[in-house]
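Down below is the structure, laid out as structure tokens.
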2 protein chains.
Amino acid sequence: MKVSLKVEYACRVLAQLARHNGSGEWPHIEALATQEEIPANYLVQILNDLRNSGLIQSRRGKQGGYALARENDQVTLCDIICAIDGGLLEFNTEVKGQSGARLVELWAQVTAELEKMTRGITLEDMITSSHEGMYFI
Amino acid sequence: MKVSLKVEYACRVLAQLARHNGSGEWPHIEALATQEEIPANYLVQILNDLRNSGLIQSRRGKQGGYALARENDQVTLCDIICAIDGGLLEFNTEVKGQSGARLVELWAQVTAELEKMTRGITLEDMITSSHEGMYFI
DNA sequence: GCGATCTTAGGTTTACAACCTAAGATAAAA
DNA sequence: TTTTATCTTAGGTTGTAAACCTAAGATCGC
């Protein structure tokens, strides 16, 4: 049960775009790859997935680049994982063995609870220091 | 973010052992493999992991077999995943890029919430029909 | 038209999931 | 004590997918 590096990269690059959100700047791949230390050739694929899922917009040609398609707090961890993996949780759906049927139900239940949880984490949380909201520095 | 077939098999075979729990029977591999439709050669490895993690006991020789080491409601989904995968959630822990540090914190938070959730699901839930606890059949 | 960007379609490499094989260790039963 | 049924352990295999790279094309501002 692991979070792929691809999802990690997607979160990082989206956090970076969230920082530029509203500024009118459209960072290009090389800049994003450098700032978040992501292999540029791999980042291409990731940004493509994110665009196809409607999380980001892109502009070609000179002055081209990428920008978020929504407000920072409207992009959730659930959205990101689904954009990259095609779904939140992958599990066996074949009903096999005496316990197979019950397990498929339980996986669905786990997925539902996981969705609730990951919908509570947004890009805003990813660009906010963990000390924010506390009473000391 | 997927649940491996190995974890699915582990849950099924443990559910099977939970059904025999307290009966004094020690089902052997072939029986377990047949009842839960798991490749016997693969099941060997899984049962080994479960024994090394203290979730089950084994007996060699004639009349040998496997049995749960705890009560049904004392074996949680969290226990099972940890026994098989070595941990609940695997994620990148390298702090890289401008957003790396914050993400590592968030993954830890997700893990904690996931642990809380999976500790609420036990073998008892895996051998109980989904209609139990309802007021109709 | 030129050059900077995104777009798309491939290829590579390494690791791991999901198995199988086979020789040993143990313990009950004959 | 020999046999036989089980678990134990250490390896091997095979296919797929993650994590990259390469390179030719499509846009668009200048």
Side-chain angles (χ1 to χ4, degrees), chain A residues 1-13 17 24-34 36-53 55-67 69 81 83-87 90-92 94 96-97, chain B residues 1-13 17 20 24-34 36-53 55-69 81 83-87 90-92 94 96-97:
Chain A
M1 215 165 163
K2 78 177 255 202
V3 180
S4 69
L5 202 50
K6 195 174 183 183
V7 166
E8 159 97 10
Y9 286 158
C11 288
R12 294 226 298 262
V13 78
L17 290 177
E25 297 174 62
W26 288 56
H28 48 92
I29 282 193
E30 278 307 326
L32 294 168
T34 302
E36 293 297 343
E37 294 182 45
I38 303 170
N41 288 329
Y42 194 28
L43 188 54
V44 168
Q45 289 176 39
I46 295 169
L47 289 169
N48 225 292
D49 290 343
L50 296 176
R51 188 175 43 81
N52 290 333
S53 300
L55 296 187
I56 63 174
Q57 310 165 271
S58 58
R59 236 174 16 196
R60 292 191 185 191
K62 244 174 183 175
Q63 309 294 86
Y66 297 90
I81 296 175
I84 298 298
D85 291 345
E90 274 179 276
F91 51 85
N92 171 263
E94 278 184 276
K96 277 193 160 188
Chain B
M1 215 167 164
K2 79 177 254 203
V3 180
S4 70
L5 201 50
K6 196 174 183 183
V7 167
E8 159 98 9
Y9 287 158
C11 288
R12 295 226 297 264
V13 78
L17 290 177
H20 291 85
E25 297 175 62
W26 288 57
H28 49 91
I29 282 192
E30 277 307 326
L32 293 169
T34 302
E36 293 297 344
E37 294 182 45
I38 302 171
N41 288 328
Y42 194 27
L43 188 53
V44 169
Q45 290 176 38
I46 295 169
L47 289 170
N48 226 293
D49 291 343
L50 296 176
R51 188 175 44 79
N52 291 332
S53 299
L55 297 187
I56 63 175
Q57 309 165 269
S58 59
R59 237 173 18 196
R60 292 190 184 190
K62 245 174 180 175
Q63 310 293 85
Y66 297 90
L68 275 188
I81 296 175
I84 297 299
D85 290 345
E90 273 178 276
F91 51 86
N92 172 262
E94 278 185 276
K96 278 194 160 185

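Just so you know, these numbers use all the heavy atoms, side chains as well, and skip hydrogens, waters and symmetry mates. Reminder, nothing fancy here: chain letters follow the sequence lines and each chain counts from 1.
Distances shorter than 4.0 Å separate some side-chain N or O of A:Asn48 from OP1 or OP2 on C:dT8. Phosphate contact (OP1/OP2 of C:dT7, side-chain N/O of A:Ser58, threshold under 4.0 Å): present. For the OP1/OP2 pair of D:dC7 and a distance below 4.0 Å, the side-chain nitrogens and oxygens of B:Arg51 include no atom meeting the criterion.
Residues A:Met1 and B:Val7 have side chains not in contact (no heavy-atom distance under 4.5 Å, counting atoms from C-beta outward). For the pair B:Leu47 and B:Ser58, the minimum side-chain heavy-atom distance is 4.5 Å or more.
Atom-to-atom, CG of B:Leu50 to P of D:dT8 comes out at 12 Å; the value is rounded to the nearest Å. Separating the NE2 atom of B:His28 from the P atom of D:dT8 is a distance of 14 Å, rounded to the nearest angstrom. Rounded to an integer number of Å, the gap from B:Leu47 CG to D:dT6 P is 14 Å. Separating the CD1 atom of B:Ile56 from the C1' atom of D:dT8 is a distance of 13 Å, rounded to the nearest angstrom. Between the CG atom of A:Asp85 and the P atom of D:dA19 there is a distance of 10 Å, given to the nearest Å. The CG atom of A:Asp49 sits 12 Å away from the P atom of C:dT7 (whole-angstrom rounding). The CG atom of B:Asn52 sits 13 Å away from the C1' atom of D:dC7 (whole-angstrom rounding).
Checking each of A:Leu43, A:Ile56, A:Val13 against A:Tyr66 for a side chain to side chain contact (heavy atoms under 4.5 Å, CB included) leaves exactly one that passes, namely A:Ile56.
Once rounded to the nearest 0.5 Å, the distance linking NZ of B:Lys96 with OH of A:Tyr9 reads 7.0 Å.
Residues passing the salt bridge (charged side-chain N to carboxylate O under 4.0 Å, His left out) test with B:Asp49 are B:Lys6, sequence neighbours excluded. A search for side-chain contact (heavy atoms from CB on, under 4.5 Å) contacts involving B:Lys62 returns nothing, not counting sequence neighbours. A search for side-chain contact (heavy atoms from CB on, under 4.5 Å) contacts involving A:Ala83 returns A:Leu50, A:Ser53, A:Leu55, not counting sequence neighbours.
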In B/S/- notation (B base, S sugar-phosphate only, - none; protein heavy atoms under 4.0 Å), nucleotides 15-30 of chain C written 5' to 3' is ---BBBB---BBBBS-

For nucleotides 13-17 of chain D, which of its nitrogen or oxygen atoms have a protein nitrogen or oxygen under 3.5 Å away, and what is each distance?
none

What side-chain donor-acceptor pairs closer than 3.5 Å can you find for residues 24-32 of chain A, not counting sequence neighbours?
none

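At a threshold of 4.0 angstrom between heavy atoms, the contacts of A:Ile29 are confined to the sugar-phosphate backbone, with no base atom among them.
Ion pairing of B:Lys2 with A:Glu90 is absent here, as no side-chain N (NZ or NE/NH1/NH2) approaches a carboxylate O to less than 4.0 Å.
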